[in-house]
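Every chain is numbered from 1 and lettered A, B, ... according to where its sequence line falls, protein lines coming before strand lines.
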Protein chains: 2
Amino acid sequence: MTYSEENYIKVIYHLSLVSPKGINTNAIAGMIESKASSVTDMLKKLADKELVNYQKYQGVTLTQKGLHAAKMIVRKHRLWEVFLVEKLDFTWDEVHDLAEELEHIKSEKLINRLDEYLGFPKEDPHGDPIPDRYGQLVKVDKQLLSEILPSKKVICLGVKDSSPSFLKYLDKHQIALGSEIEVVNKESFDHSLSILINNRQILISNKIASNLYVKLI
Amino acid sequence: MTYSEENYIKVIYHLSLVSPKGINTNAIAGMIESKASSVTDMLKKLADKELVNYQKYQGVTLTQKGLHAAKMIVRKHRLWEVFLVEKLDFTWDEVHDLAEELEHIKSEKLINRLDEYLGFPKEDPHGDPIPDRYGQLVKVDKQLLSEILPSKKVICLGVKDSSPSFLKYLDKHQIALGSEIEVVNKESFDHSLSILINNRQILISNKIASNLYVKLI
DNA sequence: AATAATTTTTAGTTTTGTCTAAATTTATTT
DNA sequence: AAATAAATTTAGACAAAACTAAAAATTATT
Ligand SMILES: [Mn+2]
Ligand SMILES: [Mn+2]
Ligand SMILES: [Mn+2]
Ligand SMILES: [Mn+2]
């Protein structure tokens, strides 16, 4: 598999988690920052290699083989992110782009050794699950903070958006994975939230709240 | 710089160390396992980017810019090799091919953090020097074992050939970096050597001896 | 100095992955 | 059910990096 093929497979995988039916050409083009015609070309190639099920105009799904390949790329991406944060002291907003490169290094042995070296982590620095060497992953039950009712207490488990700007916002407000948050009030007009975190009460917008994964304590 | 351009620059650098005059098209083609015509095409491109000095039929040399780029690639290659051996328990015969991939990961910050994490090593697992972040490298005075006179004692510093087959040969005969070797006898007919290592006397061919770097104790 | 051998370059293709523009299919409105 | 809009595919082109075969330049040999 080429670098480019791997990126397509990974994007189709991520889109499949959100909408389990056939994935649109345009959705893929959007994620990969290319044009629909380029996507069509690639889908034919991936179908030839039996990595995707593709029929003209009908969208695309991963085959078993494609799904496994995708999980292995995600595994590599997330293990490298853990390495960068845990061992090389990178911050959680710095690692994604680097992992985009590192995820294409082709060696099962390397990634399994890295996994072992890191102590077989189950989650990456953004709270996303890391598939094991067989593609198995632990699905933790999480909700978006925006869905939590007032007076409930939650613990922060992960982020939906892992862009540097969002992560830096969280750092600034001292919201980290593991933080305890109490929803004090929900504003019905704009769906903003008053939350209690680290004994301080702060106001966050709905956009923030709908990008934070939490679970009830 | 593309993956391929980086490989060419690195090969020209390695060839320059052996013969400091202009590097031949064919020599490059041999190292990179491509054809002379492909090399000519690439040399034009590298000259456009001011990474090499190139004039038709006159061979090629690295510019200052090209030399620095080459050293940074070699730095990355060798630091990754150290990482794989020191942290992930790879053997010295397993790491070269992996480092060929890892050396293309583009991040100064990553490589400088890795350098720090590894304790700023001066040499890679094969005894080759690691350029620092400015391209500076410590040149250790070493000779080939084949040039050592009988009855002299040396310490093993590195390998010239770092192919898995040669490295495995050394492992099998318990010759490692740091090993003490005494040259007992040199056979004038085939230039093979009798050496004393780990209190055992063994016979090694000239080919082996001329791929082992040593220094007199 | 002329010829032969070797090396290097040029010319013309190929493959991969991308693009634009046009054509086709599917979905949405009127 | 047409007509219109949107999504998707096809056709044709291009750049990167490789190739083969032929031409040109350099080097070695007679
Ligand atoms: Mn990431
Ligand atoms: Mn992540
Ligand atoms: Mn190496
Ligand atoms: Mn090495």
>> For Phe83(A) and Tyr117(B), take the angle between the two ring planes, folded into 0 to 90°, and tell me which bin it lands in: parallel under 30, tilted 30 to 60, perpendicular over 60.
In response: perpendicular

> Under the side chain to side chain donor-acceptor pair (under 3.5 Å) criterion, do His96(B) and His77(B) qualify, and how do the steps go?
Replying inline: CA-CA 8 Å; His96(B) 180 80; His77(B) 182 105; 3.2 Å; yes

>> I'd like to know if the side chain of Lys10(B) reaches the main chain of Ala69(B), judged simply by a donor and an acceptor atom lying under 3.5 Å from each other, with no hydrogens or angles considered.
In response: no

> Any ion pair linking Glu6(A) and Lys106(A) (charged N to carboxylate O, less than 4.0 Å)?
Replying inline: yes

> Quick one: Gln55(A) CD to dT26(C) C1', roughly how many Å, whole number?
Replying inline: 15 Å

Polar pairs (N or O, both sides) under 3.5 Å between protein and nucleotides 27-29 of chain C?
none

> Just how far, in rounded Å, is P of dA16(D) from CG of Asp48(B)?
Replying inline: 11 Å

> In terms of side-chain geometry, is the basic nitrogen of Asp115(B) or Arg75(B) positioned less than 4.0 Å from the acidic oxygen of its partner?
Replying inline: yes

>> Around atom NZ of Lys65(B), are there more than 12 heavy atoms from other residues, nucleotides or ligands closer than 6.0 Å?
In response: yes

>> Can you pull out the residues from residues 28-40 of chain A that lie within a 4.0 Å heavy-atom distance of DNA chain D?
In response: Ala36(A), Ser37(A), Thr40(A)

>> Counting only heavy atoms from other residues, nucleotides and ligands, does the tally under 6.0 Å from CD of Glu108(A) exceed 12?
In response: no

>> Measure CG/Leu43(B) against C1'/dT9(C) and give the value in whole Å, please.
In response: 11 Å

>> What is the distance, to the nearest angstrom, from the NZ atom on Lys56(A) to the C1' atom on dT26(C)?
In response: 13 Å

> Given Asp171(B) and Trp92(B), is the side chain to side chain donor-acceptor pair (under 3.5 Å) satisfied, shown in steps?
Replying inline: CA-CA 10 Å; Asp171(B) 285 342; Trp92(B) 68 341; 3.1 Å; yes

> Once you round it to whole Å, what is the distance between P of dT7(C) and CD of Gln58(B)?
Replying inline: 16 Å

> To the nearest angstrom, how far is Asp41(B) atom CG from dC19(D) atom C1'?
Replying inline: 10 Å

>> Between Thr61(A) and Asn53(A), is there a side-chain donor-acceptor contact under 3.5 Å, judged purely by atom types and distance?
In response: yes

>> Main chain of Glu123(A), side chain of Arg78(A): is a donor-acceptor contact present, judged purely on distance under 3.5 Å?
In response: no

> Think Tyr54(B) has a side-chain N or O under 4.0 angstrom from the OP1 or OP2 of dT9(C)?
Replying inline: yes

> Does CG belonging to Asp190(B) count more than 12 external heavy atoms closer than 6.0 Å?
Replying inline: yes

>> Using a strict heavy-atom distance below 4.0 Å, which residues from residues 5-26 of chain A are in contact with DNA chain C?
In response: Tyr8(A)

